[in-house]
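We count ligands from 1, going down the list as the structure has it; atoms in each ligand are counted the same way.
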Amino acid sequence: MWKGRFAQETSALVQRYGESVSFDWRLYAHDIAGSIAHSKGLLKAGIITAEEQSRIESGLLTIRAEIEKGAFEFQEALEDVHMNIEAELTKRIGSAGAKLHTARSRNDQIATDVRLYCRSSIDAILILTRAMQAALVECAERGNDAVMPGYTHLQRGQPVLFAHHLLAYVEMLERDSARLTDCRRRLNVMPLGSGALAGSTIIIDREFVAQQLGFDGVTQNSMDAVSDRDFVAELLFVISMIGVHLSRLSEDIILWASSEFAFVTLSDAHTTGSSLMPQKKNPDVAELTRGKSARLIGNLMAMLTLLKGLPMTYNRDLQEDKEPLFDSIDTLSLALEVFTEMVSGMDVNRSRTEAAAADPMLLATDIADYLVNHGVPFRQAHEVIGKLVAYSIAEKKDFGDMSLAEFQSFSTVFESDVKACLNLKTALEARKSIGAPSPQNVASQLARWRQTLTVA
Ligand code: ARG
């Protein structure tokens, strides 16, 4: 490919080893957008004529249309997406095409392409994240009045609403969306014009080119700009975080779909059978998502490791940023889509969640709070109730079946009204501090999310 300095052809093996077009062809639309903007910069700088610029632009648009139709043949010998498009353009329009690469290097070109790619991917992921939140809110609304135990250490703790549990994930995804937006803002500056590493002696109006591409500004240090992939690592982190959140939800759903819990039913369309055991209905979507989150984390680790030993400035190692990035974006996008569908088909089994929530032990904290409300310091109340629990287990007697005298044998503070705090409904209604799962709070949270998610 390179004439000039080289007397020998590149070895076929080196060509195969170094090519990136087999995967970076996906950047074609961004590469072409970048080239068109650059050609306008060249025109403004007086390097090319208006006629040449228009031939470049229409040539590139034709190539783009052909790629979209699948009618363009990328060649490995031309190494990457940049060379493939530029070579084809020059073949078609001659010397105007050969002027396009003035004051530009593939180093600032790829850095620009990858930023544009990340930016549009973020926009797409934001939409998918929102759809996932909406599906969770709808599922929560369908099961709104279902009471269930809330767990710590996977041991029954206190009563909550099923909806409250699902809304926890809506909160997580909201933070993820904010991270995506933040990452987008930081990456939306244009490296083009940084050249190979030291800019160019041919002065292009970078701000003008940036405007054409919808960038908020331009990078301020050419050496940093060609070698910076912080934004890739940052995006891979946010994607991993979403993956971790989906993985946690997966784990909940896998437990809930088991016969032991049977808190939810997944639709037939989102489960699979076993090749051997005819009774099985497996939550494969959740399991796969839990598994795929490992890949997302792996890609983040690969990216950080790729960057850590790089001397300034551009090094070919950076070509290795693309496959993990593409893989994470593809994997997460599909995971969000399929998860949204699965959650839309998921229903809570009230009888099962309510049977589990009927465990009187869930109200032990409420009895402790009763003592606190009657002036007993919490630490003492905790100990009294601990003993009461031990008694209940030893005597195989629920709190509800104990007499007032039995209560009073643990603390004389107990009055007959202690029985009132043994009611699940009142216990739940009493949890009305901000963020707690009283039905009234949950209803207003659901309304808030409905509002937020439909407005956006
Ligand atoms: N394929 C290269 C990459 O992804 C493009 C930049 C190549 N630059 C170079 N000096 N070889 O990083």
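A donor atom on one side chain and an acceptor atom on the other are found under 3.5 Å apart for Y169 and D252.
Any N or O atom pair closer than 3.5 Å counts here, and Q319 shares at least one such pair with ligand 1. At a 3.5 angstrom cut-off on N or O pairs, R229 does not count as close to ligand 1.
To the nearest 0.5 Å, atom CD1 of residue I203 and atom NZ of residue K44 are 13.0 Å apart.
For the pair N315 (side chain) and L310 (backbone), a donor-acceptor distance under 3.5 Å is absent. In this structure, K322 contributes its side chain and S20 its backbone to no donor-acceptor pair below 3.5 Å.
Annotation for ligand 1: atoms under 4.0 Å from non-hydrogen atoms of S20 are 1 (N). For ligand 1, the atoms sitting less than 4.0 Å from at least one non-hydrogen atom of K322 are 3 (C), 4 (O), 12 (O), numbered in the order shown with element in parentheses.
Residue, atom and distance of the protein heavy atom nearest to atom 11 (N) of ligand 1 are R106 NH2, 3.5 Å. In terms of protein heavy atoms, atom 12 (O) of ligand 1 is closest to Y314 OH, 2.4 Å. Of all protein heavy atoms, the one closest to atom 10 (N) of ligand 1 is N107 OD1, 3.1 Å.
Within 6.0 Å of CD in Q279 there are more than 12 heavy atoms belonging to other residues, nucleotides or ligands. Within 6.0 Å of CZ on R248 lie no more than 12 heavy atoms contributed by other residues, nucleotides or ligands.
Using 4.0 Å as the threshold, E79 has no heavy atom nearer than that to any atom of ligand 1.
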